[in-house]
Amino acid sequence: MRDYSRIYEHIADFNAQRHATTVNTSSTHQTMLGFGASACWWAQCLGGWDDAKINEIMTLLYDKDKGIGLNIYRYNLGAGSENDEALYIKARRAECFLKPDGTYDWNADANARKCLEYAKNIYGDDLRVTLFSNSAPVQFTINGRAYCDFVPDGGSYKSNLSSSNYTNHANFVVKCAEHFTDLGYRVTNISPINEPEWGWGSYNAENTSAGQEGCHFDKKECRDFYKKCISAINGSPIKDTCKIEMWESGQMGNSTFESYLEQMLGKKNIIDSYENKELRNYFDTISFHSYWAGENDRKNTAKLLNGSDYNSYKRAITEYCQMDGSSSGLGIDKGIELADTIYQDLTILDVEEWDWWVAVAEGGYMDGLLYTDYQNEQSNHDVTTSKRLWVMGNYAKFTNEGSVRVDVTCNIDGVKTCAFDNHDGTVTIVYINTTPSDEITNLDSQSYKSFSTYVTDETHDLEAVQSSVSSTSGVSIPANSVTTVVASTR
């Protein structure tokens with residue numbers, strides 16, 4: 001193992017000034033809400049484990065000192081599919097708080113609620129909680145299931161929620177947000193529609209096999225449903241503390257994304273003449289997912305949003321995973337890929353929130369930050385961390401809600417960087433070194449009193465390498481790493 005702590009001792013061998021890092025805190029971009037992950041599917045299993053194991057996992061995710069310090073928790077409001085054997089993966093069946101007789105059972109979903117409780121206890125009262133639905137409660141759906149009917153090849157997707165139940169579903173999600181708020185949770189967002197452009201149907205005509213809860217909405221159905229949601233939240237005591245999120249698009253920047261956007265907010269250059277003034281005035285953020293997106297997709301999306309009346313809306317990435325089933329992808333190569341995805345979303349799209357998909361997975365697919373055999377009751381529940389976990393910490397652990405992304409330059413080939421001005425008097429700089437060479441930079445500012453670095457690479461997991469070193473020293477950026485520098489002005 002290389003001793004990175006010694007690299008900076010040989011600064012004399014480098015022209016550090018040529019590779020200076022310059023942070024311009026007066027040139028600002030988005031103000032961050034933070035980084036988070038979804039508790040979908042795993043929490044309703046894992047929450048039944050012994051307390052020590054739950055605490056171990058939630059500490060890794062939400063502890064600012066011992067873990068990666070996520071500050072956003074996405075809680076899945078189940079639709080009531082817990083007894084539906086057609087959902088062939090048992091963990092993806094979810095309980096619902098609303099019972100068929102119209103009463104609420106707040107003791108339901110006990111395991112998932114326990115995981116949320118641990119997250120709040122670990123992070124604190126400022127934890128941001130988003131409640132999201134994949135489907136309306138089954139008593140409101142057309143087929144009585146938490147997924148749509150089978151659609152043959154070439155057929156048209158159909159929603160599983162009739163307009164007559166829009167108000168009922170809207171009232172349900174708002175009621176749940178009120179309840180969790182009353183319990184002391186800081187519920188900041190409700191997301192009642194997830195990836196409406198997809199079919200979310202059964203895999204066969206008999207509706208005996210399906211992958212997960214989900215519901216299709218066409219763009220006009222989205223528009224009409226959200227009007228009911230806005231009415232519901234505006235009549236609620238939490239209207240000033242909790243926002244209804246606009247639909248979460250499964251992909252960014254394509255024609256489908258743009259057509260839904262136009263239906264919700266109006267055509268990009270004639271918004272003022274469009275009929276949906278109520279929706280335009282309520283929403284302040286456009287949410288989408290980063291799946292399958294490359295740099296050009298992000299640039300095209302930014303061009304669409306920046307060059308139109310949509311520019312006044314903030315942006316959020318509310319889901320992403322690497323969508324690869326070749327392995328669990330535990331190594332630093334996949335960690336660096338994730339770091340670059342986050343970097344692009346932050347710097348090209350100016351997103352204020354960035355959320356990973358399932359925080360905990362079972363393995364064999366690149367969808368988790370942590371891996372454990374949570375469906376096997378006989379398992380000893382060993383936990384394996386991926387480099388993706390620690391890379392998210394390179395961003396999340398050293399920024400806060402309210403951190404402002406600022407301009408930064410560093411002229412090293414193969415190194416990307418972004419920076420944040422934090423309200424505690426520190427500046428956070430994240431470097432992604434995709435090269436096989438150790439690099440050196442120095443901080444081109446006399447205002448920094450000291451700095452510390454934290455490295456994620458093949459042999460380090462967000463470990464302190466340089467700590468409380470004078471700002472006149474060089475900053476080491478190890479090969480094939482994600483390195484965070486925290487510089488203090490105090």
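No hydrogens, no waters, no symmetry mates; every other heavy atom, side chains included, goes into these values.
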* To do: Would you check if there is a donor-acceptor pair between the side chains of W356 and S38 at a distance under 3.5 Å?
  => no
* **Validation row, ring centre Y395 to ring centre Y343 under 6.0 Å** => no
* Cation over ring face, K277 and Y282, 6.0 Å, 45° -> no
* Using a 4.5 Å cut-off on heavy atoms from C-beta on, say whether the side chain of T372 contacts that of T384. => no
* Structure fact -> dist D63:CG -> N121:CG (nearest 0.5 Å) comes out at 12.0 Å
* To do: Using distance alone, with no hydrogens and no angle criterion, decide if E362 and Y371 have a side-chain donor and acceptor under 3.5 Å apart.
  => no
* Structure fact -> Which of F288, W198, Y260, F283 passes ring-ring contact (aromatic ring centres under 6.0 Å, His included) with W247? Answer is Y260
* Can S290 and R298 be counted as having a side-chain donor-acceptor contact under 3.5 angstrom? -> yes
* Asked: Any chance the rings of H289 and Y320 have centres within less than 6.0 Å?
  -> no
* Check: Y62 ring centre within less than 6.0 Å of Y73 ring centre -> yes
* **Any donor-acceptor N or O pair under 3.5 Å, side chains Q30, R315** => no
* To do: Run through F132, F180, Y185, W41 and flag the one making a ring-ring contact (aromatic ring centres under 6.0 Å, His included) with Y75.
  => F180
* Asked: Quick one: do the W354 and D345 side chains pair a donor with an acceptor below 3.5 Å?
  -> yes
* Any luck finding a side-chain donor-acceptor pair between D457 and N480 under 3.5 Å? -> no
* So does E401 pair up with R128, basic N to acidic O under 4.0 Å? -> yes
* Asked: With no hydrogens and no angle check, is any side-chain donor or acceptor of R490 less than 3.5 Å from a backbone partner on D424?
  -> yes
* Are T428 and N422 close enough that a side-chain donor and a side-chain acceptor fall under 3.5 Å? -> yes
